[in-house]
Amino acid sequence: MSARRDGAKEPSTGAGVPPTGAGVPPTGAGALRTEAGPECRARAALTRVLEPGDERGGRWLREIGAVELMRRLTGPDGRARTLPGVTAPRLAGYRLRAATADPDRDLAAVAAAGGRFVCPGDREWPSQLDDLADARPVGLWVRGTPDLRLWALRSVAVVGARACTPYGAHMAATLGAGLAERGWVVVSGAAFGVDGAAHRGALGAGGATLAVLACGVDVAYPRGHAELIGRIAEQGLVVGELPPAEHPTRSRFILRNRVIAALTRGTVVVEAQYRSGSLVTARNAQRLGRFTMGVPGPATSGLSAGVHELLRGEGVLVTDASEVAELVGEIGDLAPVRRGPVLPRDLLDAVSARVLDALSWKRSVDGRDVARAAGTSTDEALGRLYELHSLGFVERQGDGWRLTPAPTRNGDTRRGGT
């Protein structure tokens, strides 16, 4: 008997355990298991019994383990009644689904699609999902060859509106490409709009991207993204909580967002209305202690209203991949310092700058008046004026001085240098 991370006991595999061949991708780094043990098969079956995020079922799994839970749900009714906290009608629904669950069929189906099933306690299981406590996934169905745990360790979610603006699509694609170029895995939900743009940005940069679906990993949803999801499965990873052939529902989309939040180091929201599901992802990330970031948009855009509300709270404003990496990355992974162009007058010392500020381009000023305004002696003011004259900042006009009005190099003007 080996102790599992979730507290249940997993019997050693041996006689009577039918090898399924599932849990093994056809090739690649994800080939971590040669057969599905009893606990894995029971959890695979339970993905057809328990809806994503079912905390009652998660508590049962924690207390008695997957094998025993399936025994109670498929055995005599008296055994199932020992499960606490469930009404008789709800229990009948659990039992009906458990009776029709066929884990061997599902494991074979995902293997045929080039995938596998990953359970808590497996070497490939991302331990950060355990932060979801009883709401953590029963297991994850995975397509793609990379190691899920290793990819999740350095991942960032980029989410946002489905009906995004061209600005939102551009920012999402730019973020996806920039993060991928910096070695980060871009995680999103493969939906239209921001999600798809983020995935395409990462793919276009030859980088890593991971899609978390609200349906079976062998189901292309939305259908318009069938080609995109296929590319992600070839170049990256497609994961989901639901077994093969399962289709999404509204509640599954919302619950999928908690996995995106828990799996990643931080979540970036590009565009979102007040009631956007992307904000659900961000709130989940905040509750889990992850970084939450937002890309600002026009104050007049309803699609950015939710992002701005996030930024008024605990969200951090970001504008490019380097700023995201600075927040979620290691110490020393800093974004470049932002500053405007250096103008010639920026190089002047403090006294010369005060003398220049005392001048106008509209009228000439006497040297004594310049000295008074600059807070220096007349002789020093005159000396600085001649220096500024040689540099082209000022000119003589009769007995006075004024700023050179004509534009000069680097767009600087002697009128004020602004």
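Positions are given from 1, in the same order as the sequence printed here.
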Polar side chain donor-acceptor pair, [X] to [Y], under 3.5 angstrom:
X      : Y      : value
Gln235 : Thr209 : no
Tyr386 : Arg396 : yes
Asp320 : Ser322 : yes
Arg402 : Ser364 : no

Subject >> Qualifying residue, where the test is side chain to side chain contact (heavy atoms under 4.5 Å, CB included) with Thr47 and the options are Pro244, Pro52, Pro243 >> reply: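 Checked Pro244, Pro52, Pro243 against Thr47; only one passes side chain to side chain contact (heavy atoms under 4.5 Å, CB included): Pro243.
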
**OP:** Hey, could you give me the CD/OG1 distance between Glu395 and Thr404, rounded to the nearest 0.5 Å?
**Re:**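 Going from the CD atom of Glu395 to the OG1 atom of Thr404 covers 5.0 Å.
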
Subject >> Leu356 side, atom CG; Leu385 side, atom CG - distance, nearest 0.5 Å >> reply: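 Between atom CG of Leu356 and atom CG of Leu385 there are 9.0 Å.
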
Lys/Arg-Asp/Glu bridge criterion (N-O < 4.0 Å) met for [X], [Y]:
X      : Y      : answer
Arg136 : Asp130 : yes
Arg143 : Asp218 : no
Arg372 : Asp369 : yes
Arg252 : Glu241 : no
Arg231 : Glu227 : no

**OP:** Take Thr165 and Glu271 through the test side chain to side chain donor-acceptor pair (under 3.5 Å) and record every step on the way to the result.
**Re:** CA-CA 8 Å; Thr165 65; Glu271 282 187 322; 2.7 Å; yes

Original post:
What do you reckon, are the aromatic ring centroids of Phe393 and Trp401 less than 6.0 Å apart?
Top reply: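 Ring centres of Trp401 and Phe393 not closer than 6.0 Å.
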
**OP:** State yes or no: are the ring centers of His247 and Tyr221 separated by less than 6.0 Å?
**Re:**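 No; Tyr221 has its ring centre 6.0 Å or more from that of His247.
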
Under 3.5 Å, side chain of [X] to main-chain N/O of [Y], donor-acceptor pair present?
X      : Y      : value
Arg290 : Leu288 : yes
Ser301 : Gly297 : no
Arg182 : Gly178 : yes
Glu55  : Asp134 : no

Original post:
Think Arg162 forms a cation-pi with Phe253, using NZ or CZ under 6.0 Å from the six-ring centre and within 45 degrees of its axis?
Top reply: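 Geometry flag: set, cation within 6.0 Å and 45°.
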
Original post:
Any cation-pi pair here, Arg149 with Trp125, using under 6.0 Å and within 45°?
Top reply: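 Checked: cation-pi criterion not met.
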
Subject >> Stepwise side chain to side chain donor-acceptor pair (under 3.5 Å) test for Tyr94 and Arg56 >> reply: CA-CA 12 Å; Tyr94 282 133; Arg56 182 190 298 107; 3.3 Å; yes

**OP:** Could you tell me whether the side chain of Leu242 reaches within less than 4.5 Å of the side chain of Val219, counting heavy atoms only?
**Re:**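 Not touching, per the 4.5 Å side-chain cut-off.
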
Original post:
Less than 4.5 Å apart, any side-chain heavy atom of Leu140 and any of Pro137?
Top reply: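 Yes, close enough: below the 4.5 Å cut-off.
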
Subject >> Stepwise salt bridge (charged side-chain N to carboxylate O under 4.0 Å, His left out) test for Asp349 and Arg384 >> reply: CA-CA 10 Å; Asp349 61 77; Arg384 302 294 176 142; 2.8 Å; yes

